[in-house]
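In what follows, chains are A, B, ... by sequence order, proteins preceding strands, each numbered from 1. Quick caveat, the model's predicted, so the values are computed rather than measured.
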There are 2 protein chains.
Amino acid sequence: MTKNYSSEIASPLSSNHEDYLKAIYILEARGEQVTNSVLSDYIGFTPASATNMVKKLSQMDLVIYRPHQAVSLTPTGRRVALEILRHHRLLELFLHKTLDIPWDSVHEEAERLEHVISEALEDAIAASLGYPKVDPHGDPIPTKTGEVGHTPGHPLSQAKAGRAYRLVRVLSQEKERLAYLGRLGLSLNVELFLREQAPFDGPVLVEVAGVEHALAAEMAALLQVVPASAK
Amino acid sequence: MTKNYSSEIASPLSSNHEDYLKAIYILEARGEQVTNSVLSDYIGFTPASATNMVKKLSQMDLVIYRPHQAVSLTPTGRRVALEILRHHRLLELFLHKTLDIPWDSVHEEAERLEHVISEALEDAIAASLGYPKVDPHGDPIPTKTGEVGHTPGHPLSQAKAGRAYRLVRVLSQEKERLAYLGRLGLSLNVELFLREQAPFDGPVLVEVAGVEHALAAEMAALLQVVPASAK
DNA sequence: AGTAGTTTTTAGTCATGGCTAAATTGTAAA
DNA sequence: TTTACAATTTAGCCATGACTAAAAACTACT
């Protein structure tokens with residue numbers, strides 16, 4: 001497997017290494033302080049294991065580690081994380097568009113594939129999709145050079161009642177949640193009409209394809225929308 | 001990752017385990033006695049490592065191991081091997097047809113992907129290709145239930161001069177070899193005319209798309225053909 | 001500042017699966 | 001049958017990266 005970061009990294013990285021880097025990237029991007037417990041929670045290993053791995057990544061110059069401090073990525077570490085994320089999101093879109101894999105299943109599939117595709121395959125996939133900018137959840141696909149586009153939109157929970165919106169991003173990869181949204185007729189770029197916005201973080205009333213649904217506030221907060229008129 | 005053999009196997013298999021099983025299957029299919037040295041040569045690990053792994057696979061009831069004897073697959077072991085082989089060949093064809101990956105590159109790519117695709121993805125790929133029978137090298141794709149079709153044809157080295165043939169299989173996965181054949185205009189189902197068959201295992205003279213080429217006997221032996229008239 | 005409680009790190013265990021080197025076994029020729 | 005050579009297996013080493021349990025270090029409250 002040829003990686004475009006192979007030139008700067010001594011030893012080849014395992015899927016595991018890549019998962020840690022990706023996790024750190026995602027947690028950082030969420031604006032969280034990537035403490036050991038946050039990281040170990042996210043990746044599903046014990047805190048001791050996380051410390052261990054972080055130290056190793058630090059020796060490889062992929063992360064910056066100072067005991068008892070939040071970890072962060074070095075420029076190289078970030079490049080690796082973004083390459084994996086690019087693989088992941090390209091794969092999600094590819095699986096969805098080319099093989100009709102439902103949007104609530106593409107995440108777990110891509111989770112394994114992202115570590116084993118070559119540069120050539122990555123390129124072929126990107127080309128076949130016409131160099132897309134976002135995956136089926138609206139998450140931006142990093143470019144080969146590591147730029148991450150800014151996604152427009154704001155949470156549906158902050159939208160105004162009585163207006164039409166378009167769904168541009170779902171901030172969740174959970175199968176159940178996505179399957180539920182799918183059942184409501186919601187998927188990327190679908191239009192919806194916000195009927196009512198209950199106060200005090202109450203549920204939201206939306207109309208999708210002529211049918212009305214109540215959405216928990218928690219769910220509405222995960223739906224990023226733009227006014228329906230907007231491109 | 002859901003495997004259809006998961007019900008019969010206690011511990012999940014690593015890529016490595018799968019590679020051993022696949023290797024044993026392929027060597028058996030070649031009609032070779034799968035001795036320890038043959039196996040270790042093929043997989044590229046030391047004989048000691050092979051013995052070790054074979055013992056483990058034997059404990060898992062995937063192979064039959066008797067010291068100093070050729071290894072063989074149990075029914076379950078064979079099922080696993082065939083599932084991986086099915087993944088491999090479906091992937092090769094998919095990469096070639098859907099993403100235009102050249103036929104001399106699909107093998108190494110599939111080598112990594114074969115271990116991480118789910119049943120659902122395998123099915124989606126098979127469906128999108130119309131349930132194909134052979135991969136881009138003419139190797140038969142095992143069915144889900146583990147049947148391996150018989151491929152017709154005989155080596156070009158045993159064909160008669162002055163007749164037209166169609167290439168139905170290439171018994172090699174080597175990138176260089178395949179790239180070379182590709183340059184001659186040879187790929188699956190291409191027609192060729194056998195001009196001359198030099199005696200004493202000498203080279204063979206073929207015409208492909210109106211151009212004449214000499215082929216080493218060694219190479220001609222790897223090309224399986226049928227009379228051009230045959231379906 | 002002292003102390004309780006939480007977080008992080010350290011220390012040490014275990015399984016995996018490669019390796020080398022040495023012992024064993026099997027085979028074939030004298 | 002003995003002996004030599006090749007193939008195989010055993011024994012033991014090493015790195016990896018998970019784990020638990022215990023120690024250490026931070027934080028926050030009194």
Side-chain angles (χ1 to χ4, degrees), chain A residues 1 9-24 27-28 30 32-73 77 80-81 84 111-112 115-116, chain B residues 1 9-24 27-28 30 32-73 77 80-81 84 111-112 115-116:
Chain A
M1 173 170 30
I9 294 178
S11 48
L13 299 178
S14 70
S15 299
N16 239 300
H17 291 145
E18 293 175 347
D19 281 338
Y20 272 92
L21 294 172
K22 195 178 54 149
I24 296 167
L27 293 168
E28 269 187 355
R30 277 189 195 167
E32 290 184 53
Q33 284 284 312
V34 188
T35 62
N36 203 257
S37 44
V38 165
L39 178 57
S40 59
D41 264 19
Y42 186 86
I43 55 178
F45 294 128
T46 62
S49 301
T51 301
N52 220 288
M53 181 57 96
V54 162
K55 279 182 172 181
K56 275 177 193 151
L57 294 172
S58 151
Q59 280 170 357
M60 300 187 224
D61 261 308
L62 295 166
V63 305
I64 302 206
Y65 167 66
R66 292 252 152 239
H68 298 278
Q69 305 261 319
V71 226
S72 60
L73 296 170
V80 175
I84 301 302
E111 206 63 17
R112 283 174 274 109
H115 304 292
V116 302
Chain B
M1 175 172 27
I9 294 178
S11 49
L13 299 178
S14 69
S15 297
N16 238 300
H17 291 144
E18 293 176 347
D19 281 338
Y20 272 92
L21 294 172
K22 193 178 57 151
I24 295 167
L27 293 168
E28 268 188 354
R30 277 189 195 166
E32 290 185 55
Q33 284 284 311
V34 188
T35 62
N36 203 258
S37 43
V38 164
L39 179 57
S40 59
D41 265 21
Y42 186 86
I43 55 177
F45 293 128
T46 61
S49 300
T51 301
N52 221 285
M53 181 59 95
V54 162
K55 279 183 173 182
K56 275 175 195 154
L57 294 172
S58 151
Q59 281 172 355
M60 299 186 223
D61 260 307
L62 295 166
V63 306
I64 303 208
Y65 168 66
R66 292 252 152 237
H68 297 277
Q69 306 260 319
V71 228
S72 60
L73 294 170
V80 175
I84 301 302
E111 206 64 16
R112 281 173 278 109
H115 303 293
V116 301

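Here B/Ser49 lies in heavy-atom contact (under 4.0 Å) with a base. Residue B/Thr46 is classed as a base contact, given a heavy-atom separation below 4.0 Å to a base.
Closest to the A/Phe45 side chain, of the nucleotides D/dA18, C/dC19, C/dT8, is D/dA18. Counting only heavy atoms from C-beta on, B/Thr35 has its side chain closest to D/dT8 among C/dT20, D/dT8, C/dT10. Here the side chain of A/Pro47 is nearest to one of D/dT9, D/dA7, C/dT9, namely C/dT9. Distance from the side chain of A/Thr51 is smallest to C/dT9 among C/dT9, D/dA18, C/dG18. Here the side chain of B/His68 is nearest to one of D/dT8, C/dT9, C/dT7, namely D/dT8.
Side-chain atoms of B/Tyr42 and B/Ile24, non-hydrogen and from C-beta on, never get closer than 4.5 Å to each other. Between B/Asn52 and B/Phe45, every side-chain heavy-atom pair lies at or beyond the 4.5 Å cut-off.
Per the geometry, CG belonging to A/Asp19 stands 14 Å off C1' belonging to D/dA18, to the nearest Å. One can place CD of A/Gln69 at 11 Å from P of C/dT8, the figure rounded to the nearest angstrom. B/Asn36 places its CG atom 17 Å from the P atom of D/dA6, with the value rounded to the nearest Å. As rounded to whole Å, 13 Å separates atom C1' of D/dA15 from atom CD of A/Gln59. Across the protein-nucleic acid pair, B/His17 atom NE2 and C/dA15 atom P stand 15 Å apart, rounded to whole Å. In this entry the distance linking CD1 of B/Ile43 with P of C/dC19 reads 9 Å, nearest Å. A/Arg66 has its CZ atom 23 Å from the P atom of C/dT7, to the nearest Å. The CD-C1' distance, from B/Gln33 to D/dA7, rounds to 14 Å in whole Å.
At most 12 heavy atoms of other shown residues, nucleotides or ligands fall within 6.0 angstrom of atom CD in B/Gln33.
Side-chain N/O atoms of A/Asn52 include none lying less than 4.0 angstrom from OP1 or OP2 on C/dT9. At C/dT8, one or more side-chain N or O atoms of A/Ser37 fall inside 4.0 Å of OP1 or OP2 (strictly under the cut-off). The phosphate of D/dT16 (OP1 or OP2) has no side-chain N or O of A/Asn16 nearer than 4.0 angstrom. Contact check, A/Tyr65 against C/dT8: no side-chain N or O comes under 4.0 Å of OP1 or OP2. In this model, the phosphate group of D/dA15 is not approached by any side-chain N or O of A/Lys56 to a distance below 4.0 Å at OP1 or OP2.
Annotation: the span from B/Leu73 atom CG to B/Asp61 atom CG amounts to 12.0 Å, rounded to 0.5 Å.
Heavy-atom nearest nucleotides on DNA chain D were determined for A/Met53 and for A/Pro67, and the one closer to the 5' end corresponds to A/Met53.
No donor-acceptor distance shorter than 3.5 angstrom exists from the side chain of A/Glu18 to the backbone of A/Ile84, with no hydrogens or angles considered. Between the side chain of B/His115 and the backbone N or O of B/Arg112 there is no donor-acceptor pair closer than 3.5 Å.
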